[in-house]
Peer 1: 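Before we start, here is the structure in question, set down as structure tokens.
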Amino acid sequence: MKQLWVVICLVTAGFASPAWAQLSGRCGGDDNLTPQQVAGRNAWARKCNYISAAKEAILNADNEYQVFANGCFQYPCSTNNCQYFVPVSASAPCVSGLINLGSCVAHREPQAPREGLLAYLETLEAPWPPAWLRFAAARDASRDAAGPT
């Protein structure tokens with residue numbers, strides 16, 4: 001019985017790995033959408049009967065969008081198995097023959113440093129609490145008052 005479970009786990013992992021790799025390729029590359037494009041993609045997928053209205057609401061609430069195994073937004077410039085263009089507008093015509101793959105999370109573009117790295121780092125918050133800063137300032141003041149050693 002123990003060997004049967006090992007075989008089932010290996011077979012499942014063997015089938016899941018290619019799908020996971022394809023989903024990762026879609027999310028990180030040829031179907032990487034911005035948060036502004038999420039609602040349009042999901043509305044289009046609902047209109048074309050690829051997802052339900054309930055699924056559309058869940059995806060929109062989580063800033064996620066539907067992706068397909070054989071279609072992407074970067075078509076024809078995709079390096080993956082992208083055979084069809086998948087729009088991000090609800091008014092675009094439907095495309096038949098798409099295969100649901102899963103969903104991706106839309107990420108905001110990181111902001112570039114304004115005037116170089118130092119100016120960018122100055123805008124970040126310190127990872128330590130302000131109490132630590134007061135302690136460190138008091139420690140430094142007491143060292144300065146003591147004079148050189």
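On a predicted model such as this, the values are computed, not experimentally measured, just so you know.
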Peer 1: Could you tell me the separation between the NZ atom of Lys47 and the OG atom of Ser91, rounded to the nearest 0.5 Å?
Peer 2: 6.5 Å
Peer 1: Evaluate side-chain contact (heavy atoms from CB on, under 4.5 Å) for Val88 paired with Trp44, printing each intermediate quantity in order.
Peer 2: CA-CA 7 Å; Val88 293; Trp44 178 87; over 6 Å; no
Peer 1: Using a cut-off of 6.0 Å, state whether more than 12 heavy atoms not belonging to Lys55 lie near its atom NZ.
Peer 2: no
Peer 1: Among Val67, Leu33, Val86, exactly one meets side-chain contact (heavy atoms from CB on, under 4.5 Å) together with Phe73. Which residue is that?
Peer 2: Leu33
Peer 1: Which atoms form the tightest heavy-atom contact between Ala45 and Phe68, and what is the distance?
Peer 2: CB-CZ, 4.3 Å
Peer 1: Looking at Pro93 and Pro87, what are the two nearest heavy atoms and their distance?
Peer 2: O-CG, 4.4 Å
Peer 1: Which value, rounded to the nearest 0.5 Å, describes the distance between Arg46 atom CZ and Asn60 atom CG?
Peer 2: 9.5 Å
Peer 1: Looking only at heavy atoms, which two atoms of Ala90 and Ala43 are closest? And how far apart?
Peer 2: CB-CB, 3.6 Å
Peer 1: Using only atom types and a distance under 3.5 Å, with no angle test, would you say the side chain of Tyr50 pairs donor to acceptor with the backbone of Leu98?
Peer 2: yes
Peer 1: Is the shortest side-chain heavy-atom distance between Val38 and Leu59 below 4.5 Å?
Peer 2: no
Peer 1: To the nearest 0.5 Å, tell me how far Ser103 OG sits from Ile58 CD1.
Peer 2: 10.5 Å
Peer 1: Would you find a donor on one side and an acceptor on the other, under 3.5 Å apart, between the side chain of Asn70 and the backbone of Ile99?
Peer 2: yes
Peer 1: Do the side chains of Val105 and Asp62 get nearer than 4.5 Å, heavy atoms only?
Peer 2: no
Peer 1: List the atom of Gln66, the atom of Ile51, and the distance in Å for their closest heavy-atom pair.
Peer 2: OE1-CG2, 3.3 Å
Peer 1: Just how far is it from atom CD of Glu64 to atom CG of Asn42, taken to the nearest 0.5 Å?
Peer 2: 9.0 Å
Peer 1: Nearest 0.5 Å please: distance from the CZ atom of Phe85 over to the SG atom of Cys72.
Peer 2: 9.0 Å
Peer 1: What are the two closest heavy atoms between Ala106 and Tyr65, and how far apart are they?
Peer 2: N-CE2, 3.8 Å
